[in-house]
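Remarks on the structure that follows.
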Number of protein chains: 2
Amino acid sequence: MKLLAKELQLSVSTVSKVFTDSHEISEQTKQKVLALAKKLNYVPNPYASSLRKRKSKTIAVVLPEVADSFFSMAINGIESIAREKGYHVLIYLTHEQMEREQAILSDFQSGRVDGVLISISNETTNDEHIIDMMQRGIPVVFFDRVCEETATTRITTNDRESGQLAAQHLIDQGCRNIAYLTISGSLSISRNRLAGVKQALTAHRTPFNERNLVMCTDNEEENLRIIKELLQRKDRPDGIIASVEKLTAAVYLACKELKIAIPGKLKVISFSNQTTAPILNPSLTTITQPAFAMGKLAAEVLFNSLKKTNVTLKAETVVVPSALVVRESTTGRDLG
Amino acid sequence: MKLLAKELQLSVSTVSKVFTDSHEISEQTKQKVLALAKKLNYVPNPYASSLRKRKSKTIAVVLPEVADSFFSMAINGIESIAREKGYHVLIYLTHEQMEREQAILSDFQSGRVDGVLISISNETTNDEHIIDMMQRGIPVVFFDRVCEETATTRITTNDRESGQLAAQHLIDQGCRNIAYLTISGSLSISRNRLAGVKQALTAHRTPFNERNLVMCTDNEEENLRIIKELLQRKDRPDGIIASVEKLTAAVYLACKELKIAIPGKLKVISFSNQTTAPILNPSLTTITQPAFAMGKLAAEVLFNSLKKTNVTLKAETVVVPSALVVRESTTGRDLG
DNA sequence: CATTTCCCCGCAACCGGTTTCGTAAATAAA
DNA sequence: TTTATTTACGAAACCGGTTGCGGGGAAATG
């Protein structure tokens, strides 16, 4: 910038004001400066600017992992509108560990980011680290895996209704003994989905059997073992609801190994955004979450609050509904 | 920091030196400062530090998209070692557009990042924007989708051998009319894979028929149309090699609609990292790329060069081999 | 022609750490 | 004890933009 100033016989401040598009500078001078800047391929140092303005034009996205399609699509949604608003996106993975989540967030005390989008790890049982950050003036928007008690905006899907819908669908298809697979007892999304399931079952006078609440891990092989065990019980279920995408494979593999026909002997529905759902064997009935939309919305809400100064985000939950897509794994018929 | 200094009756410089772990400071003073810092939950402002040190401790990852499993897993690999080294990761998506790629990279002239990991878009036909950046002293490591002519380190998989292996496998399974599906004519990975395919075919005295080189798009429906057309030709192929993960679904769907049996009438092999490959109908034979390892390696190479000053990255290609995983879609038998 | 207003631009302080250099005190060497 | 060396810390410049304020000159007003 000094160079630019010297070259054009101007002061640094004038040049700076050109880049902030100040009204104090004549159109003529602006053009000259911008022309030379383009020629020299000059871009202002963002860190100098961040330092002075106390704004980083950067947000953080904190995710458990990017293994499944949901978070991939969410990233797309977030990035799309971050780019639109001229923000930069830092990505952090917690690997489902609360400790890492805390370490990551504590770094944000530094002013590295202007705001945070987070989907909490399934280990996360308290929100102190999040509240702490908010109190330091860094706005947070939850998406998908939210803390229901924390006073900020949450973007979720209609987990409870979806659970209900899934169970209802299985009941309609003749299931009477439905199992629910999950990877976490504490996560609100899992709890809510389960609540929906229970509600549907109770409504049909076939209350949920707690033995059918199956806790899985993040280890593929162990999940396979757990599910095989489930399917070898005397009173084995005739319907399975997988509350997470990555449990689908284990269910299918278990059935294959045990030669249990889907949907003949067992109907399967999964919360999933996998594009391969239609070409599975058999094609998989899913509850499909609006991942892209949720990411996008979360980002929009955050950027909105960033525009104004000193506005705290409303403590509300915004719900973007999921869709039930019926396929062969629950019906035997392919409905597209 | 000023606050800390005042509180402890020390100068700012002393406090600063504590955080850089300078030898000039006594152990005693360090402890005092760190203790108070912890109590106050103080973290140094990274931008002030970046400004002075001309290092951002941040790298950029530039990707076409995060739609498929490859890039998801690569991100995991990258993030894992970035965290280990204390680096931060900015993520940018080009959406397969060279224009965006250029815009993104040109921003890096600002010193926002210390280095870049990039997998180029399939529109990218020249590397001027990349060379430009390198000349400004920002090291670049390519991974997967590389520019073969650019003088820096490239992390790839053995695309050519994999193509050869795929074709060889189909030949072994009795295919005599093999089609190759791709989404780009310019991308080196696609070209190399095709070259491998051709080599295998030529070796078996059944040279590749150029009509069997099928160019797809990034539009699902259009791909379906294109593939259906391919499969309705008089001389329709008896084997398909899908060079990109996302073309798999279209192939399967086309076969379903046209009632073409896999692997009976058509054998299918795909370059894919999908975890659902084993549970497709039929399970899918894949060339599986070491996505996590490639991301990790790319990051390691980059960080290595970042440690030393003024070392330009060797213009070499590091190859991490892919694996052929044989399943039902080419054999009719499930080999696990 | 004198005065006011407005438009442009420069001066200098500032953001929050980092780093060079200097110095006083403590320790070692002569 | 004197001199040389080491240790521990402070003063101030610096990184590269940003911004409040002040001023010079041109245009507008009286």
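Numbers restart at 1 for each chain; the letters A, B, ... are given by sequence-line order, proteins then strands. On a predicted model such as this, the values are computed, not experimentally measured, just so you know.
- At the heavy-atom level, B:Ser49 lies under 4.0 Å from the strands shown only through sugar-phosphate atoms.
- One cannot find a donor-acceptor pair under 3.5 Å joining the base of C:dG17 and the side-chain atoms of B:Lys2.
- Atom-to-atom, CG of A:Asp21 to C1' of D:dT18 comes out at 15 Å; the value is rounded to the nearest Å.
- In this structure, B:Ser26 reaches the sugar-phosphate backbone alone: every heavy-atom distance under 4.0 Å involves primed, P, OP1 or OP2 atoms, never a base.
- With a 4.5 Å cut-off on side-chain heavy atoms, A:Ser121 and A:Gln97 do not count as touching.
- Nearest to the side chain of B:Thr20, among D:dG10, C:dT18, C:dC14, sits C:dT18.
- The CG-P distance, from B:Leu10 to C:dG17, rounds to 15 Å in whole Å.
- Using a 4.0 Å cut-off, some side-chain N or O of B:Ser11 falls inside it from OP1 or OP2 of D:dG10.
- The base of C:dC15 has none of its N or O atoms less than 3.5 Å from a complementary donor or acceptor on the side chain of A:Arg54.
- Side chain A:Glu24 to base C:dC8: no donor-acceptor pair is found below 3.5 Å.
- Across all strands, A:Thr29 comes closer than 4.0 Å only to sugar-phosphate atoms, never to a base (heavy-atom distances).
- Summary of the strand contacts: B:Lys17 and B:Asn45 both lie near DNA chain C, and taking for each the nucleotide with the nearest heavy atom, the more 5' one is attributed to B:Asn45.
- Nucleic acid contact class of A:Gln9 (heavy atoms, under 4.0 Å, all strands): sugar-phosphate only.
- In this structure, B:Lys53 atom NZ and C:dT20 atom P are separated by 12 Å, rounded to whole Å.
- Rounding to whole angstrom units, CD of residue B:Gln28 and P of C:dA26 are separated by 13 Å.
- Between the C1' atom of C:dA12 and the CZ atom of A:Arg52 lies a distance of 11 Å, rounded to the nearest Å.
- With a 6.0 Å radius and a threshold of 12 heavy atoms from other residues, nucleotides or ligands, A:Glu99 has its CD atom at or below the threshold.
- Straight-line distance from the CG atom of B:Leu51 to the P atom of C:dG16: 12 Å, rounded to whole Å.
- Rounded to whole angstrom, the span from the OH atom of B:Tyr47 across to the P atom of C:dT18 amounts to 15 Å.
- One atom, NZ of A:Lys57, and another, C1' of D:dG17, lie 16 Å apart when rounded to the nearest Å.
- Judged by distance alone with a 3.5 Å cut-off, a donor-acceptor contact links the side chain of A:Ser13 to the base of C:dC11.
- Distances shown here put every side-chain N or O of B:Tyr42 at or beyond 4.0 Å from the OP1 or OP2 atom of C:dG16.
- Between A:Tyr47 and B:Tyr47, the ring-plane angle classifies as parallel under the 30° and 60° cut-offs.
- Salt bridge absent: A:Lys32 and A:Glu27 never bring a charged side-chain N and a carboxylate O closer than 4.0 Å.
- A distance below 6.0 Å separates the ring centres of B:Phe108 and B:Tyr92.
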